[in-house]
Amino acid sequence: MRTRPLKVALLGCGVVGSEVARIMTTHADDLAARIGAPVELAGVAVRRPSKVREGIDPALVTTDATALVKRGDLDVVVEVIGGIEPARSLITTAFEHGASVVSANKALLAQDGAALHAVADEHGKDLYYEAAVAGAIPLIRPLRESLAGDKINRVMGIVNGTTNFILDKMDSTGAGYQEALDEATALGYAEADPTADVEGFDAAAKAAILAGIAFHSRVRLDDVYREGMTEVTAADFASAKNMGCTIKLLAICERAADGGSVTARVHPAMIPLTHPLASVRGAYNAVFVESDAAGQLMFYGPGAGGAPTASAVLGDLVAVCRNRLAGGTGPGESAYAALPVSPMGDVVTRYHISLDVADKPGVLAQVATVFAEHGVSIDTVRQQGKDGEASLVVVTHRASDASLNGTVEALRNLDTVRGVASIMRVEGE
């Protein structure tokens, strides 16, 4: 074993960063044995240096992150501060001054992953980011390495624990959205401002990363269709149960049937109770992968939290340190396929549409005619009426998003249709 330690700088020492530092200290001997050399925490960049950080030598703490990554003697920089800037500049500077980088920054990687990979390649350094998607669940490396010889056709998953907790609570207790959100906030699953989670921004960033790796193409955050879950109601769950389904906020990345393009999207969807993702409860994450040779695989576990996320960071740290000792680098960006990202209008799936209609003869025939005129085939129809008003629930066969939108606009123009109560996609079949 080499006796000279590999030097690691830590950018950020919050919930995740403090756990990384703790594990580096408490598991130092095991990490050294696995890597082949000791690992030394050489500096920690923080915003508030006066805060007591148990187990961290105060002499290592600095507020000058730029000076830290410019030292020139660092082997690895671990970035867990999040956001776009200053993280992007600090990572770039770390590469330029000889360090490889381990990051958990999903937003930055979804927006500028290609540029960061280019800088890493230019300087012969590693960029690893297992912790950026699904916390402790090993996902990036299996997609990038274990399935590198396979053709991945679809990646579909629950990649945000906050939203899954809320939807699971609505499903299991009948609670409304706000009530479930309040409980998630009280338990610490939801931030004071939950927008990034409940509006799907967090999941969309992860979808961009997953799609890029799975399909060997560059997929940016702006390429991902995003729809939040704030409009999901108890009535939607009742309808889902009538179909033998539940509702999840899903990140879905698919290869087109002709193989010439890909799609990436995040939205609520009904999913059959028989599908493995339907049983994912609470704040857990799970990702379902479909490929030609391996078939169907599911990765499941805690998707957030200090210790689980730190576990993924340390796994990357061990891999990068081993590469440093071997004098090489691990897998970089693979974007050779360069498949275009199709718009949401081209996506084909099933739909559940709930309409408020007049309770009188001929309404069903009018509605069915509109669906037929737009080339959307109906699978099932359920109608309930009382006192001149009725609810009409239509479940379609597979149709494109564009054709469904045209159908809904035409339905709104019917005198017998009072309103469109809800529209939800049906996935997983």
Determine whether His275 and Met156 make a side-chain contact, defined as any pair of heavy atoms from C-beta on separated by less than 4.5 Å. yes
Measure from the side-chain N and O atoms of Asp126 to the backbone N and O of Ser100, and report whether any donor-acceptor pair falls under 3.5 Å. no
Rounded to the nearest 0.5 Å, how far apart are CG of Leu317 and CD of Glu130? 13.5 Å
Tell me, please, whether Tyr128 has Arg141 positioned over its six-membered ring: NZ or CZ under 6.0 Å from the ring centre and within 45 degrees of its axis? no
For the side chain of Lys241 and the backbone of Asp171, is there at least one donor-acceptor N/O pair under 3.5 Å apart? yes
So, does Ser279 use its side chain to make a donor-acceptor pair with the main chain of Pro276 at under 3.5 Å? yes
Would you say that more than 12 heavy atoms from the other residues, nucleotides or ligands in this model lie under 6.0 Å from the CD of Glu145, or not? yes
Side chain of Thr173, backbone of Met170: donor and acceptor closer than 3.5 Å? no
Report the C-alpha distance between Val46 and Lys51 in whole Å, list the side-chain angles of each, state the deciding distance to 0.1 Å, and finish with yes or no for side-chain contact (heavy atoms from CB on, under 4.5 Å). CA-CA 9 Å; Val46 300; Lys51 180 180 177 180; over 6 Å; no
If you measure from CG on Leu6 to SG on Cys321, what distance do you get to the nearest 0.5 Å? 4.5 Å
Spacing of CD1 belonging to Ile158 relative to OH belonging to Tyr300, to within rounding of 0.5 Å: 9.5 Å
Shortest non-hydrogen contact between Ala368 and Ile378, atoms and distance: CA-CD1, 4.1 Å
Tell me whether Thr92 contacts the main-chain N or O of Arg88 through its side chain, where contact means a donor paired with an acceptor under 3.5 Å. yes
List the steps, then state whether side-chain contact (heavy atoms from CB on, under 4.5 Å) holds for Leu210 with Leu139. CA-CA 9 Å; Leu210 291 175; Leu139 185 59; 3.6 Å; yes
Lys125 side chain vs His123 backbone, donor-acceptor pair below 3.5 Å: yes
Can you establish whether the number of heavy atoms outside Asp292 located under 6.0 Å from its atom CG is more than 12? yes
Smallest heavy-atom separation, Ala136 atom then Ala312 atom, equals CA-CB, 4.4 Å
Do Arg220 and Asp112 have side-chain heavy atoms sitting under 4.5 Å apart? yes
Is there a side-chain contact between Thr66 and Leu90 (heavy atoms, below 4.5 Å)? yes
Is there a side-chain hydrogen bond (donor to acceptor under 3.5 Å, both in side chains) between Thr349 and Glu427? Walk through the geometry before answering. CA-CA 7 Å; Thr349 188; Glu427 302 284 352; 3.2 Å; yes
Distance-minimising heavy-atom pair for Gly282 and Asp168: N-OD2, 3.0 Å
Side-chain donor or acceptor of Ser403 paired with backbone N/O of Ser400 under 3.5 Å: yes
Atom CG of Asn164 and atom NZ of Lys248: how far apart are they, to the nearest 0.5 Å? 4.0 Å
Closest heavy-atom pair and its distance - Ala358, Val363: O-CG2, 3.2 Å
Just say parallel, tilted or perpendicular for the rings of His117 and Tyr129, cut-offs at 30° and 60°. perpendicular
Taking all heavy atoms of Ala104 and all of Val80, pick out the closest pair and write down the distance. CB-CG1, 4.2 Å
Do the non-hydrogen side-chain atoms of Leu249 and Pro268 ever get within less than 4.5 Å of each other? yes
Do Ile166 and Asp197 touch side chain to side chain, with heavy atoms closer than 4.5 Å? no
Correct closest heavy-atom pair for Ala338 and Ser217 would be N-OG, 3.5 Å
Go through the steps for Leu108 and Ile91 under the test side-chain contact (heavy atoms from CB on, under 4.5 Å), then give the verdict. CA-CA 10 Å; Leu108 177 58; Ile91 290 174; 3.8 Å; yes
Residues Leu250, Leu277; criterion side-chain contact (heavy atoms from CB on, under 4.5 Å); working and verdict: CA-CA 9 Å; Leu250 298 176; Leu277 290 176; 4.3 Å; yes
Apply side-chain hydrogen bond (donor to acceptor under 3.5 Å, both in side chains) to the pair Glu409 and Asn413, showing each step before the final yes or no. CA-CA 7 Å; Glu409 287 305 307; Asn413 291 327; 6.0 Å; no
Is there a donor-acceptor pair closer than 3.5 Å between any side-chain N or O of Arg418 and the backbone N or O of Asp356? no
For Glu54, does the CD atom sit with more than 12 other heavy atoms under 6.0 Å from it, leaving out its own atoms? no
Side-chain donor-acceptor pairs under 3.5 Å in residues 328-336, sequence neighbours left out?
from	atom 1	to	atom 2	distance (Å)
Glu333	OE1	Arg218	NE	3.4
Glu333	OE1	Arg218	NH2	3.0
Glu333	OE2	Arg218	NE	2.9
Ser334	OG	His216	ND1	2.7

Tell me, do His267 and Met424 make a side-chain contact under 4.5 Å, heavy atoms counted? no
Just how far is it from atom CD1 of Ile213 to atom CD1 of Ile209, taken to the nearest 0.5 Å? 7.0 Å
Let me see the working for Asp236 and Ser239 under side-chain hydrogen bond (donor to acceptor under 3.5 Å, both in side chains), right down to the final yes or no. CA-CA 5 Å; Asp236 292 325; Ser239 293; 5.6 Å; no
Donor-acceptor pair, side chain of Arg265 and main chain of Glu227, under 3.5 angstrom: no
Spell out, as yes or no, whether a donor-acceptor pair under 3.5 Å connects the side chain of Asp150 to the backbone of Ala293. yes
When rounded to the nearest 0.5 Å, the distance separating OG1 of Thr163 from CD1 of Ile247 is 12.5 Å
Establish, yes or no, whether the cationic atom of Arg154 lies under 6.0 Å from the six-membered ring centre of Phe288 and within 45° of the ring axis. no
Any side-chain heavy atom of Asp379 within less than 4.5 Å of one from Thr396? no
Given side chains that start at C-beta, do those of Tyr177 and Val232 come closer than 4.5 Å, heavy atoms only? no
